[in-house]
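All remarks here apply to the structure that follows.
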Amino acid sequence: MSKTDHGVGGLTYDKSKKGWPNEVNIFAALILIILIFEALGQFLPYMNDQSFLFDTNGRFDTIFNEARLKIIILQVAIIGIISLGVTQVIISGGIDLSSGPLVGAAAMIVMSFAQTELVNGNPNPKAVFGDWAFDLPVIVPVIVGLCFGAFIGAINGSLIAFTRIPPFIATLGMFLICRGIAQWWTKGQPVSFPTESFAALGSGMMPVVWFALLAVLFHLVLRYTLYGKHTYAIGSNEDAARMSGINVKRHKVLVYMIASMLAAFAAIILSSKNLTAQTGMGQFYELFAIAMAVIGGVSLTGGRGSIIGTVLGAMVFGVIQSGFTYIKLDAFYQLMAMGAIIISAVVLDQWRQQRGSSRN
Amino acid sequence: MSKTDHGVGGLTYDKSKKGWPNEVNIFAALILIILIFEALGQFLPYMNDQSFLFDTNGRFDTIFNEARLKIIILQVAIIGIISLGVTQVIISGGIDLSSGPLVGAAAMIVMSFAQTELVNGNPNPKAVFGDWAFDLPVIVPVIVGLCFGAFIGAINGSLIAFTRIPPFIATLGMFLICRGIAQWWTKGQPVSFPTESFAALGSGMMPVVWFALLAVLFHLVLRYTLYGKHTYAIGSNEDAARMSGINVKRHKVLVYMIASMLAAFAAIILSSKNLTAQTGMGQFYELFAIAMAVIGGVSLTGGRGSIIGTVLGAMVFGVIQSGFTYIKLDAFYQLMAMGAIIISAVVLDQWRQQRGSSRN
Amino acid sequence: MTELGNIILETRDLTKHYGGVHALEGADFTLRKGEHVAIMGDNGAGKSTFVRQITGVEQKTRGDIIFDGKPVNFTGPLDAREAGIEAVFQTLALADHLDVPDNLFLGREKTKWNWLGPFRRLDYKSMREDTLEALQKTGVKIPNIRNTIQNMSGGQRQCVAIARTATFHSKLTIMDEPTAALGVQETAQVENIIRTLKEQGEPLILISHNMRQVFDLMDRVVVFRRGRICANLDIRNEDITGEDVVAYITGAKTQPEYEDAA
Amino acid sequence: MTELGNIILETRDLTKHYGGVHALEGADFTLRKGEHVAIMGDNGAGKSTFVRQITGVEQKTRGDIIFDGKPVNFTGPLDAREAGIEAVFQTLALADHLDVPDNLFLGREKTKWNWLGPFRRLDYKSMREDTLEALQKTGVKIPNIRNTIQNMSGGQRQCVAIARTATFHSKLTIMDEPTAALGVQETAQVENIIRTLKEQGEPLILISHNMRQVFDLMDRVVVFRRGRICANLDIRNEDITGEDVVAYITGAKTQPEYEDAA
Amino acid sequence: ETIGVSIARFDDNFLTVMRNGMEDYAGGIDGVDLQVEDAVDDVAKQLDQINNFIASGVDAIIVNAVDTSATEAMSQAAASANVPLVYVNREPVNVDTLPDNQAFVASNEIESGTLAAFEACKMLRAAGHAGGAKGYMLMGQLSNQAAVQRSKDVEDVIGMDMCNFITLIDKQTAEWSRDKAQDLMTNWLSSGEEFQVVFANNDEMAIGAIQAMKASGVSMEDVVVVGVDATQDALVAMQAGDLDATVFQDAAGQGQGSVDAALSLARGEDVEQKVYIPFKLVTPANIDDFLSKN
Ligand SMILES: Nc1ncnc2c1ncn2[C@@H]1O[C@H](COP(=O)(O)OP(=O)(O)OP(=O)(O)O)[C@@H](O)[C@H]1O
Ligand SMILES: Nc1ncnc2c1ncn2[C@@H]1O[C@H](COP(=O)(O)OP(=O)(O)OP(=O)(O)O)[C@@H](O)[C@H]1O
Ligand SMILES: [Mg+2]
Ligand SMILES: [Mg+2]
């Protein structure tokens with residue numbers, strides 16, 4: 001019954017057998033998938049001994065194939081940013097289906113405040129507003145976008161917190177509303193030709209930089225702040241959180257606002273990267289953002305998960321997508337293989353977890 | 001402490017205040033929505049005193065606008081059939097995202113066994129197989145479709161039951177796999193020109209007939225059979241169900257199989273109704289099927305809901321869709337209004353339920 | 001018993017119906033400052049329901065609650081806690097996926113950098129130390145407090161919930177069957193905690209089925225039967241035995257003031 | 001104690017580790033036919049863990065279980081129940097959204113039209129009648145058995161779980177703190193149920209913190225401490241007092257056979 | 001008069017131009033109301049929309065078919081309610097057996113992919129690659145008919161004797177989207193294989209590919225990129241010398257034609273039952289003719 005660092009006595013407690021953190025599994029799965037692609041590259045007859053990650057053609061100065069490493073992260077950075085928010089929503093016991101359509105709507109709105117006046121010397125053929133909206137400082141579209149995200153998130157959160165309807169329904173409704181907004185904004189016309197300073201936000205590897213910065217920020221927030229602790233507590237047992245005096249309603253509104261602002265920020269980066277905004281942008285992003293989080297170990301029943309896991313989950317998607325192009329898999333097989341890999345990744349993780357505490 | 005029909009004494013129990021069943025709310029919401037559309041028809045200036053449900057132009061023999069009544073149900077009958085299965089899955093504590101893509105895949109497969117040899121006297125331009133697959137008896141495509149559904153459902157169910165991955169992930173994986181199968185089957189080409197007997201399955205009001213029959217059947221099954229009771233028990237507390245000796249794994253496989261077979265049956269009716277099958281069929285059906293169930297009072301946390309509720313939920317969608325066309329709402333506003341109505345319907349229902357037992 | 005200013009909690013005609021079930025009917029209850037009162041009664045007699053109304057967990061059907069001299073209308077447990085009521089609920093209210101310190105400090109975490117608002121930093125180290133101390137008081141043994149609550153035994157969970165209430169000072173403490181799942185030693189420790197509260201003059205409502213415990217620790221017993229209060233027994237001063245209390249519980253006896261509580 | 005054929009349950013070196021937590025270490029335990037044995041011990045001593053291993057709710061880390069003469073390896077609680085073990089778990093295992101009859105008959109519903117396989121019809125009426133009868137035995141009061149379990153009080157829930165176990169005959173009954181949340185009357189009724197089982201010669205394992213209850217009802221006490229068995233006391237025949245048992249629980253005493261269980 | 005319109009997909013840029021063409025045109029005629037609905041690429045939904053129009057008593061219906069092989073059921077539904085029906089943009093399968101009060105104003109999708117691919121073939125020859133050229137193809141969603149058809153057109157063209165010097169290294173779907181096309185192209189570039197041509201099922205994907213190539217430092221002089229649709233963004237890219245060819249389809253014109261046909265049918269006037277609107281190839285040489293059109 002001696003006072004130790006980790007407990008107040010009782011049973012024998014063997015600290016060395018604590019079991020490694022969940023994230024290690026996902027990392028292992030990631031490595032496994034990479035190895036499989038490397039192996040396929042070696043054995044498939046039509047691959048001419050190419051390597052997946054290494055530079056066999058001597059095109060770069062490093063031993064790695066830099067272009068591949070970059071695209072692996074680049075192509076998931078934007079959904080990854082959304083996934084950071086979705087992770088928080090899911091940990092709090094909710095779900096957000098509206099993030100995909102929100103990207104579409106936010107992109108349309110943002111881009112119409114980021115247009116430039118002259119394109120190749122001609123007047124901008126896609127102008128949404130009058131002259132006043134041309135060549136605005138880059139901060140304007142960014143603020144507009146974040147405010148729009150905050151607004152949608154506040155509605156989501158308030159509906160869920162105050163009327164207590166299931167998050168699935170609130171955000172499904174918002175899904176439809178955001179699609180409506182996206183199409184209504186310009187009656188379906190794409191919005192293009194942004195200013196150079198706006199285009200710089202998402203050009204090159206900038207999406208990856210944003211993703212990394214935001215991931216670190218929210219890792220710290222979830223792990224070390226009151227906001228993080230309350231998010232886990234609410235997801236773990238909402239009644240308990242309420243009875244313990246946490247302001248559950250206000251907290252939920254905050255969580256959904258942060259998630260929607262992250263999605264709106266993703267829309268800013270996405271439209272900047274593509275130099276255009278279209279109503280259909282962001283389709284299925286909500287599903288992939290959720291899938292990344294879940295592959296990363298976030299539990300859909302709430303209370304469990306981490307940003308590190310989600311980032312690794314995003315990497316799994318990046319590797320898979322690059323890998324498929326690398327081995328030149330047909331589109332239909334890609335879909336099937338993607339489905340199979342998502343399932344296997346989670347099965348693997350589940351299986352490892354169960355070994356620890358093997359209730360049946 | 002006298003032995004009565006409803007309890008073994010204790011507190012005063014006032015049977016008259018029992019509170020009406022949940023379904024009554026949804027029915028009330030349905031009536032409310034219809035009345036709103038009738039009122040809009042009267043008051044909107046451009047509507048020329050048209051009526052939503054009544055025949056003001058003397059186009060039919062009855063006092064109702066028959067065409068409207070028919071299309072209200074007809075347009076939701078097929079998703080309604082899927083929703084019957086989804087309802088069971090959700091009650092059992094799961095979710096099925098794969099039903100939409102399953103419809104696409106099943107339709108492609110079914111239709112390629114239902115093709116006719118001659119189209120307007122010319123050979124069928126969309127033939128998938130050789131001569132042997134032409135003009136098969138109608139039972140062949142139906143059986144093939146149901147078997148395919150059962151197969152997919154068995155995989156879903158087994159993954160969820162045996163590997164214990166979240167249903168969201170298992171069926172999201174299957175979502176991608178089924179989309180892959182649909183596209184791979186004919187490399188994206190639509191399959192058309194079914195035999196007359198196959199076309200009869202879904203022609204005219206037949207989808208409604210199937211929907212009604214299946215709804216009655218599964219209402220009885222969920223309410224009065226062992227299968228139904230165990231479905232509710234597992235959704236309510238899976239651990240308790242397991243400890244009570246219910247074979248939870250086998251039961252889950254059964255639930256997912258039934259759900260997928262219903263989705264496959266919906267695919268049969270759908271392709272028959274449209275006289276064609278194409279890979280994109282069934283897009284978003286999974287979301288609407290879930291929304292119908294939830295509007296009908298099925299709880300996404302499992303254990304609560306009913307087929308009657310789901311049927312009413314389906315009717316809400318039918319009325320909304322018809323009503324929008326009736327008041328000539330623009331497509332973007334339709335999306336927004338649909339989102340708003342879904343949310344309001346559930347808010348209304350939630351609000352009524354909370355009055356009974358008003359925990360905060 | 002009605003000296004004004006001396007009363008910390010009073011309820012008048014407090015009533016709660018769940019649909020047709022009359023779980024609590026016209027409860028008139030008073031608690032003086034520093035007094036320790038036990039609530040006893042059959043299973044399903046409405047004891048926990050009574051607690052849920054006082055703590056704002058549920059909304060009452062009718063009646064008034066006067067706390068610390070002011071009529072109150074708590075819209076949620078947050079209000080009640082802010083007013084100074086601490087409760088150990090029968091359902092414990094613990095977050096399954098969090099560890100012991102997190103649960104102990106749930107809702108009033110120790111933080112640093114408070115200018116960061118909701119994003120202020122948690123002071124894990126200090127919370128961990130305080131947790132070990134708080135747990136010592138309850139006498140429970142927990143091999144690893146970093147383990148999540150879902151992996152704790154029934155008694156360990158209960159001790160965490162009790163430690164939480166005992167750690168923070170309050171104007172009124174309510175405990176709903178706190179020792180139900182506890183072992184012999186742990187029960188003794190919790191009874192010590194209650195004695196300490198008595199010495200400090202903090203009022204307490206204890207729900208318990210344990211006659212010995214009630215007679216050892218409490219000043220007064222209020223008996224609930226079928227949703228109504230049927231007796232108010234001053235066990236410190238009057239000559240009342242356990243058998244008497246049981247008679248009130250089972251309905252063999254009813255105090256004259258409460259006759260309508262058939 | 002080792003007469004072969006006379007033993008209904010035996011465990012050898014039964015052990016369960018949760019990660020680094022050694023919740024149960026090398027438990028050797030025997031139960032004879034018709035014998036009623038109590039398991040006592042501190043909170044977190046591993047009592048419930050022991051029950052979860054025997055009933056197949058969890059998979060043991062190592063050790064053997066011999067039930068009714070045969071070594072068994074239950075992969076789930078379904079297996080254990082089919083073998084004839086009935087248990088009231090500490091967590092009760094009730095389905096929150098179902099009503100009382102549904103919970104009572106969960107997993108062995110009365111049905112009609114059995115040729116329909118999984119789709120056979122439930123016999124609601126007969127289950128309802130049997131439920132009222134079973135509840136009378138526990139003495140609990142429930143105003144409306146059609147109400148869902150989530151709306152029941154702690155004691156009502158416990159009584160439903162006990163009624164469930166008591167209604168069906170079995171080769172071995174296990175109760176994990178069955179009377180923890182029960183009132184005075186209900187506790188007496190449940191103790192009557194246990195007496196009836198004794199008269200019928202059905203063996204029982206009772207986990208309880210209630211010394212009086214154990215001495216009133218049981219033949220033998222097995223004490224757990226820190227995951228190990230530390231005493232095996234024949235309270236019917238030997239001269240053992242409550243204080244002795246407490247001494248074993250707290251670690252003041254240890255039986256010589258179990259010395260290694262420091 | 002009220003005309004009900006069902007469009008295959010609101011998210012499609014080309015169809016948006018067509019839709020806006022219809023609305024602008026109808027808005028200029030007194031007493032004509034358009035009720036436009038989005039079929040979100042769902043055949044079944046489209047059929048339901050037609051039935052809803054019938055229930056609301058519209059005077060005529062215009063359909064931009066999601067799936068041209070599903071038009072049989074639509075024709076039946078309209079004919080049995082005696083409501084005139086006009087197909088627009090996509091040629092229905094039952095084009096030869098249309099009832100009297102039905103018509104279509106459409107283009108032949110086979111032309112579009114073929115025109116672009118053949119132009120690319122000619123450009124490659126002109127650039128001296130006749131000895132062999134490699135390329136990639138970006139396809140639209142495989143659930144979409146235009147994607148399937150345009151991809152097949154490309155394969156047919158490079159199967160011709162004159163163009164069989166072109167081989168496809170890989171073809172993948174980028175789902176019509178610029179973003180997916182960027183990622184896909186970057187993935188291809190990371191394998192380091194040389195290529196001379198990129199076929200895209202639409203301009204958006206062509207632009208995405210161009211953005212990816214430019215970001216990786218590929219010179220747009222050396223690669224032939226062709227798309228379909230002649231959107232504003234594409235024409236701007238062509239002016240900048242990035243895009244080499246695209247195909248123009250008179251979206252607004254088709255929209256207007258379909259409204260005219262629907263109105264005539266509703267008034268019981270005679271109309272031509274089949275109106276083909278041809279595709280036109282757009283290259284830097286004739287780009288000025290198209291700048292103000294789509
Ligand atoms: N939400 C609810 N809906 C309907 N009935 C309820 C609800 N909550 C409690 N009840 C009923 O109210 C009665 C009183 O319940 P309560 O929990 O107050 O009992 P209790 O006195 O605390 O019993 P115990 O000693 O078993 O904890 C019980 O009959 C219970 O079934
Ligand atoms: N799944 C698990 N993971 C980790 N530790 C666990 C798990 N389940 C139980 N434990 C630990 O094992 C020990 C024994 O728990 P158990 O539930 O058997 O105690 P108990 O003797 O039944 O106590 P009580 O009298 O409080 O019910 C406790 O310290 C508990 O924290
Ligand atoms: Mg209680
Ligand atoms: Mg225990």
Side-chain angles (χ1 to χ4, degrees), chain C residues 18-23 40-49 89-92 138-144 146-147 150-159 176-177 179-189 207-212 224-227 242-243 245-247 249-251, chain D residues 18-23 40-49 89-92 138-144 146-147 150-159 176-177 179-189 207-212 224-227 242-243 245-247 249-251:
Chain C
Y18 298 105
V21 176
H22 296 197
M40 299 194 79
D42 264 350
N43 290 126
K47 305 180 295 298
S48 299
T49 305
F89 294 100
Q90 199 168 9
T91 49
L92 299 184
T138 68
V140 75
K141 297 177 196 61
I142 298 181
N144 177 15
R146 305 287 303 268
N147 227 325
Q150 62 185 337
N151 294 335
M152 300 281 153
S153 81
Q156 288 169 332
R157 296 169 63 97
Q158 193 145 24
C159 284
D176 194 350
E177 307 192 20
T179 60
L182 297 195
V184 185
Q185 290 189 81
E186 291 82 357
T187 304
Q189 294 281 1
I207 299 182
S208 174
H209 294 298
N210 185 334
M211 206 59 77
R212 179 203 53 74
F224 276 61
R225 191 166 77 237
R226 303 181 66 190
E243 278 84 59
V245 177
V246 171
I249 292 176
T250 57
Chain D
Y18 298 105
V21 175
H22 297 197
M40 300 193 81
D42 265 349
N43 291 125
K47 305 181 294 298
S48 299
T49 304
F89 294 99
Q90 199 169 8
T91 49
L92 300 183
T138 68
V140 75
K141 296 177 197 63
I142 297 182
N144 178 15
R146 305 287 303 268
N147 228 326
Q150 61 184 340
N151 294 336
M152 300 282 154
S153 81
Q156 288 169 334
R157 296 168 62 96
Q158 194 145 23
C159 284
D176 194 349
E177 307 192 22
T179 60
L182 297 195
V184 185
Q185 290 188 80
E186 291 82 357
T187 303
Q189 293 282 358
I207 299 182
S208 176
H209 294 300
N210 186 331
M211 206 59 77
R212 180 203 52 74
F224 275 61
R225 190 166 77 237
R226 305 182 65 189
E243 278 84 59
V245 177
V246 172
I249 291 176
T250 57

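Chain identifiers are assigned alphabetically (A, B, ...) following the order of the sequence lines, protein sequences preceding nucleic acid strands; residue numbering begins at 1 within each chain. Source: prediction; values computed, not measured.
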| Partners meeting side chain to side chain contact (heavy atoms under 4.5 Å, CB included) with C/Ser48 (sequence neighbours left out) | C/Arg52, C/Gln90, C/Asp176
| said: With chain C as the partner, which of D/Val245, D/Val246, D/Asp42 has the greatest number of non-hydrogen pairs under 4.5 Å? | reply: D/Asp42
| With sequence neighbours left out, what residues match D/Phe89 under ring pair (Phe, Tyr, Trp, His ring centres under 6.0 Å)? | none
| Can any side-chain N or O of C/Asn43 pair as donor or acceptor with the backbone N or O of D/Gly183 at less than 3.5 Å? | yes
| note | Looking only at C/Cys159, C/Ala181, C/Ser153, most heavy-atom pairs under 4.5 Å shared with chain D are made by C/Ala181
| query | So do the side chains of C/Leu182 and D/His209 get within less than 4.5 Å of each other, counting heavy atoms only? | reply | no
| request: Side chain from CB out, backbone as N, CA, C, O: work out which of these in C/Met211 comes under 4.5 Å of a heavy atom of chain D, or both, or neither. | output: side chain
